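Here is the structure we will look at.
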Amino acid sequence: MTRILSLQVGMPRSVGTEGAAEPMDRQWTTGFFKEPVRGPVFLGTEGLDGDGVADRRVHGGPEKAVLAYSGLHYSVWESELDLGRLPFGAFGENFTLDAQTEAEVCIGDVYAAGEALLEVSQPRQPCWKLSRRWRIPDLSVRVQANGRTGWYFRVLREGLVRVGDVLIRIERPYPHWTVAEANAIMHHRREDLEAAAALAACPALATSWRKTLEARATTGAQTDTHPRLIGPNEP
């Protein structure tokens, strides 16, 4: 079991200065800035009431309805980044959980949380906006490299959730496909085509991940992650 330590929502907004010379100062639109709410908050198949994404091509949707992040990572990041105390939601997550990490959560795990029923769909793939938020150019690269990514839930049953709700795991159909293992296959064992094919066959894995891994297993095609991780943060 794990508990919702903090719950965050936020709607897209534009920040920065249009035409600024320094990339980190330029205008960008993001739903990354989340504010804590205690609830109850209605959780639907597209996400939490009061929450939104700026670019629906790559964010949001039923397979990315809720972003969860382990609160156990915060003290490690605080020591590594030297930014002082980081607020919950610093990594753009909706649920900050008081226990469990990527090594303990599996694709397809089903949890009851408040009135809702959730299923783990995929690891989070960090993008350049995380780096822009904290003005650390390589932060997204570091998150992907160390595997402290967080993960997404899809919503199987809608309902109210609130801070303090316990996530009770009621099903684990794929105990060998931890979020950490999925991250490793996607990002660190890119030449292991057999593992890519095996993970792609997991029915609970998000469609976008399955397509990427199926293409890799079939043709050896490798996705260029530079645009996602660096984006317009480069000069």
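Basis for what follows: all heavy atoms, side chains included, without hydrogens, waters or symmetry-related copies. Because the structure is a prediction, the values reported are computed rather than measured.
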Do you know which two heavy atoms are closest between [X] and [Y], and how far apart they sit?
| X | Y | value |
| --- | --- | --- |
| V143 | P126 | CG1-CG, 3.9 Å |
| A196 | R216 | CB-CD, 4.1 Å |
| L5 | V163 | O-CG1, 3.7 Å |
| P173 | G108 | CD-O, 3.3 Å |
| M11 | G52 | SD-N, 3.6 Å |
| T101 | W151 | C-CZ3, 3.9 Å |

| request: Determine which pairs satisfy ring-ring contact (aromatic ring centres under 6.0 Å, His included) with at least one residue from residues 47-85, sequence neighbours left out, and list them in order. | output: Y69-H73, Y69-F91, Y74-F88, Y74-F91, W77-F91
If hydrophobic clusters are built by linking Ile, Leu, Val, Met, Phe, Trp and Tyr wherever their side-chain heavy atoms come under 4.5 Å apart, do [X] and [Y] end up in the same one?
| X | Y | result |
| --- | --- | --- |
| L130 | M24 | no |
| V155 | I4 | yes |
| I168 | L156 | yes |
| V41 | F153 | yes |
| I185 | V105 | yes |

| query | Is it the case that D138 and S131 place a side-chain donor and acceptor less than 3.5 Å from each other? | reply | no
| said: Could you tell me if E214 and T212 have a donor-acceptor pair between their side chains, going purely by distance under 3.5 Å? | reply: no
How long is the straight-line distance from [atom2] of [Y] back to [atom1] of [X], given to the nearest 0.5 Å?
| X | Y | atom1 | atom2 | value |
| --- | --- | --- | --- | --- |
| K211 | T223 | NZ | OG1 | 13.0 Å |
| N233 | K129 | CG | NZ | 10.5 Å |
| E115 | R157 | CD | CZ | 8.5 Å |
| Q144 | T225 | CD | OG1 | 5.0 Å |
| T96 | K34 | OG1 | NZ | 11.5 Å |
| L213 | L205 | CG | CG | 6.5 Å |

| request: Before giving the answer on side-chain contact (heavy atoms from CB on, under 4.5 Å), spell out for L118 and R154 the whole-Å C-alpha distance, their side-chain angles and the decisive distance to 0.1 Å. | output: CA-CA 6 Å; L118 312 173; R154 58 173 67 92; over 6 Å; no
Is the shortest heavy-atom distance from the side chain of [X] to the side chain of [Y] under 4.5 Å?
| X | Y | value |
| --- | --- | --- |
| L199 | W177 | yes |
| L229 | W128 | no |
| P232 | W28 | no |
| L139 | L81 | yes |
| V120 | V179 | yes |
| I136 | L83 | yes |
| F95 | V66 | yes |
| P123 | Q125 | no |

| task | Validate the cation-pi geometry between K64 and Y152: distance from NZ or CZ to the six-membered ring centre under 6.0 Å, angle to the ring axis within 45°. | result | yes
| Looking at F33, does the NZ or CZ of R13 lie under 6.0 angstrom from its six-membered ring centre and within 45 degrees of the ring axis? | yes
| task | Evaluate the criterion side-chain hydrogen bond (donor to acceptor under 3.5 Å, both in side chains) for residue pair Q8 and S6; output intermediate values, then yes/no. | result | CA-CA 7 Å; Q8 292 82 219; S6 185; 2.3 Å; yes
Pair [X] + [Y]: basic N to acidic O under 4.0 Å:
| X | Y | value |
| --- | --- | --- |
| R189 | E181 | yes |
| R148 | E80 | yes |
| D25 | R135 | yes |
| R56 | E46 | yes |

| request: Report, as yes or no, whether the 6.0 Å neighbourhood of atom CD on E194 holds more than 12 heavy atoms from other residues, nucleotides or ligands. | output: no
| Counting heavy atoms not belonging to D224, are there more than 12 under 6.0 Å from its CG? | yes
| message | Applying side-chain contact (heavy atoms from CB on, under 4.5 Å) to L43 and D49, what does each step give before you reach the verdict? | response | CA-CA 6 Å; L43 174 58; D49 276 2; over 6 Å; no
May I ask you to decide if [Y]'s main-chain N or O and [X]'s side chain share a donor-acceptor pair within less than 3.5 Å?
| X | Y | answer |
| --- | --- | --- |
| E35 | G10 | no |
| R132 | R26 | yes |
| E78 | L86 | yes |
| S79 | V76 | yes |

| request: Please step through side-chain contact (heavy atoms from CB on, under 4.5 Å) for the pair V53 and T30, ending with a clear verdict. | output: CA-CA 7 Å; V53 297; T30 181; over 6 Å; no
| Chi angles and distances behind the side-chain contact (heavy atoms from CB on, under 4.5 Å) call for Y174, C106 | CA-CA 7 Å; Y174 309 107; C106 296; 5.6 Å; no
